[in-house]
Structures are given as C-alpha cells and as structure tokens.
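In what follows, a single structure is set out as structure tokens and then discussed.
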Amino acid sequence: MNAPHEAEQERLRRWEQVGNWPLALAAIAFLAAYAWPIIQPELAPGWRDLCDLVVTIVWVIFIVDYVVRLALARPRWRYFWRHLPDLLILALPFLRPLRLIMLLRVLHRRAADSLRGRIVIYVAGGTALLIFCASLAVLDAERGHDGANITSLRDALWWAATTVSTVGYGDNFPVTGVGRAVAVGLMVGGIALLGVVTATLASWLIDRVREEEDEAGAATRADIAVLTAEVRELKAMIAAGHVRAASDTA
C-alpha cells in the first residue's frame, strides 16, 4: 500500500473513532423518535412532526457518514461490498434503528478483553435490539390493516421473540407485505444469532478440553522429569559403586 492510500486509511480510522459516540447518540435519538409515535399512536400532531424531523435529520447524518467512509476507503469497491448492510440500513427505513449496534462497539471495550467475551456482548445486545426494532417495525406495518392480529406492542414483542428464536407458535403473524418482509429479516437474524451462540459454545468446550489436556500433559512431563532425575542419580550411584569396588580390588 502506497503512502497516499495509507494516509487515506488513517483518515478513515480517525473518522470512525471520532464518530462512534456521536453516531451512537444519534442512533438513540433516532430510535426514540421512531418508536414514540408507534408505541403511542394518539401522540399529538406537533410531537409527531418533531419525531419525523428528528428521524430525517439523523437519517441525513447517517448518509453523510456513509458517504465520507466510502470516499476515504481504499480499495473503495471492496469496502462497498463489505459494508453493504450499512447501505441497506440507509435504504430500508425499518432497518435504520439497527444503527444502534454501534453502541456495542463502545460497550465491549470495558466489558470484556477476550474475543469470546465481546461476541457474547454483541449477541446479547444485538438480540435485544433486533427483537425491539423488529417489534416496532412490524407493529407499525400491521396496525390498522384488515385481519391484523399484531395490534399492540405486547403482541409485537411476543411475535418477535418467538420468531427470532425460530419457535414460531403461529398465534401472532404478519398479514402485510412489509410485515412479512420484517419477519423474513428477523428469521434470518435469528438463525445467524443461533449459529453464533452454537459456535461460541463449541469454541468454549474445545478450549476447556485443550486446557485439561495441556494440564495433563504438563503433569506427565513433570513426572517424567522426576523419574529421569532419579534414574540419573541411580546411574551415578552405581557408577560410583563400581569405581570404589575397582579401587578396593586393586
């Protein structure tokens, strides 16, 4: 990588580091403005307009952040493909609250030092965030439509919890196109989270077995070292006895 590219990559890292907290706060403001009218449908028009304004402002902030990161990245096409979910979150309105995942980048630095600990935090926080955001999105899509059976936040949370866990009791289900699209995304997210949990558990078990094998191997090596030292002492004693016997015979 040549010097200009290195300088651009360094600017990209600085931009991401400086922007983490502001974007996280903007994401919190976005989620609050997005959720309030959904949770409280009888909200006064003035407050509803304020929420719409906050959503629009934060959305513009996210677009600016994405464009700057894409402009600073090298190679640009590789960065584009690796960060395609960021573009989808900007393009699909019901995915925008997922920008709150950036909060986990800050929380994991203090909560755990190991990679496995960070994964646990990401999975736990990501699952809670995914369930809440999917609940809001499906409630917003379903409420007021004919035949809808997800008409309250309680129903939406129950539906999201059963869907993300791949249980799917079927007592609540979306009937609109947008609601079903949210359901597909939630099911894919649930499968991915289940895979991460399984992989993390398997990694933990493998590490525990390896640790026990290492401890057993260390004990065995220590026993061998002791036996080797004793054999050497016996050899030395036998050799010394032979020398004395030979001198006595002479």
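Since the structure is predicted, the reported quantities are computational estimates derived from the model, not experimental observations.
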Atom pair CG (Leu43) and CH2 (Trp36), whose distance is rounded to the nearest 0.5 Å: 5.0 Å
If I take atom CZ from residue Arg13 and atom CG from residue Leu72, how far apart are they, to the nearest 0.5 angstrom? 11.5 Å
Any Leu136 side-chain heavy atom under 4.5 Å of Asp140 side chain: no
Considering all heavy atoms of both residues, which atom of Met187 and which atom of Thr163 are nearest to each other, and what is their separation? CG-CG2, 3.5 Å
How about Arg143 and Thr151: do any of their side-chain heavy atoms sit closer than 4.5 Å? no
Taking all atoms of both residues into account, what is the closest heavy-atom pair of Ala141 and Gly179, and its distance? CB-N, 3.9 Å
Side chains of Asn149 and Trp159: is there a donor and an acceptor less than 3.5 Å apart? no
Evaluate the ring planes of Phe30 and Phe62, with Trp represented by its six-membered ring, and classify them as parallel (under 30°), tilted (30 to 60°) or perpendicular (over 60°). tilted
Single-linkage hydrophobic cluster Ile38~Leu53, side-chain heavy atoms < 4.5 angstrom: yes
d(Asn172 CG, Ser152 OG) to nearest 0.5 Å is 8.0 Å
For Ala134 and Val182, the nearest pair of non-hydrogen atoms, with its separation, is O-CG1, 3.9 Å
Could you tell me whether the side chain of Asp146 reaches within less than 4.5 Å of the side chain of Val175, counting heavy atoms only? no
Within the structure provided, determine whether Leu31 and Phe132 are in side-chain contact (heavy-atom separation under 4.5 Å). yes
From Arg232 CZ over to Lys235 NZ, what is the distance, rounded to the nearest 0.5 angstrom? 8.5 Å
What are the two closest heavy atoms between Leu153 and Ser135, and how far apart are they? CD1-CB, 4.5 Å
Where do Ala33 and Val55 come nearest, in terms of heavy atoms and distance? CB-CG2, 3.9 Å
Verify same cluster id: Val68, Val18 (apolar side-chain graph, 4.5 Å): no
Mind checking the CG-CD1 spacing from Leu186 to Ile191? Nearest 0.5 Å is all I need. 10.0 Å
In the single-linkage hydrophobic clustering (I, L, V, M, F, W, Y; side-chain heavy atoms under 4.5 Å), do Val60 and Tyr34 co-cluster? yes
Indicate, with yes or no, if Val231 and Ile224 share a hydrophobic cluster defined by side-chain heavy-atom contacts under 4.5 Å among Ile, Leu, Val, Met, Phe, Trp and Tyr. no
Relative to the ring of Tyr79, is the ring of His83 parallel (under 30°), tilted (30 to 60°) or perpendicular (over 60°)? parallel
Apply the test side chain to side chain contact (heavy atoms under 4.5 Å, CB included) to residues Asp155 and Trp158: give CA-CA distance (whole Å), side-chain angles for both, the deciding distance (0.1 Å), then the verdict. CA-CA 5 Å; Asp155 293 337; Trp158 172 249; 5.8 Å; no
Can a salt bridge be assigned to the pair Arg69 and Asp65 using a cut-off of 4.0 Å between side-chain N and carboxylate O? yes
Rounding to 0.5 Å, atoms CG (Leu139) and CD1 (Ile39) come to a distance of 8.5 Å
For Ala156 and Val138, which heavy atoms make the closest approach, and how far apart are they? CB-CG1, 4.0 Å
Same cluster (ILVMFWY, side-chain, under 4.5 Å), Val188 and Leu84: no
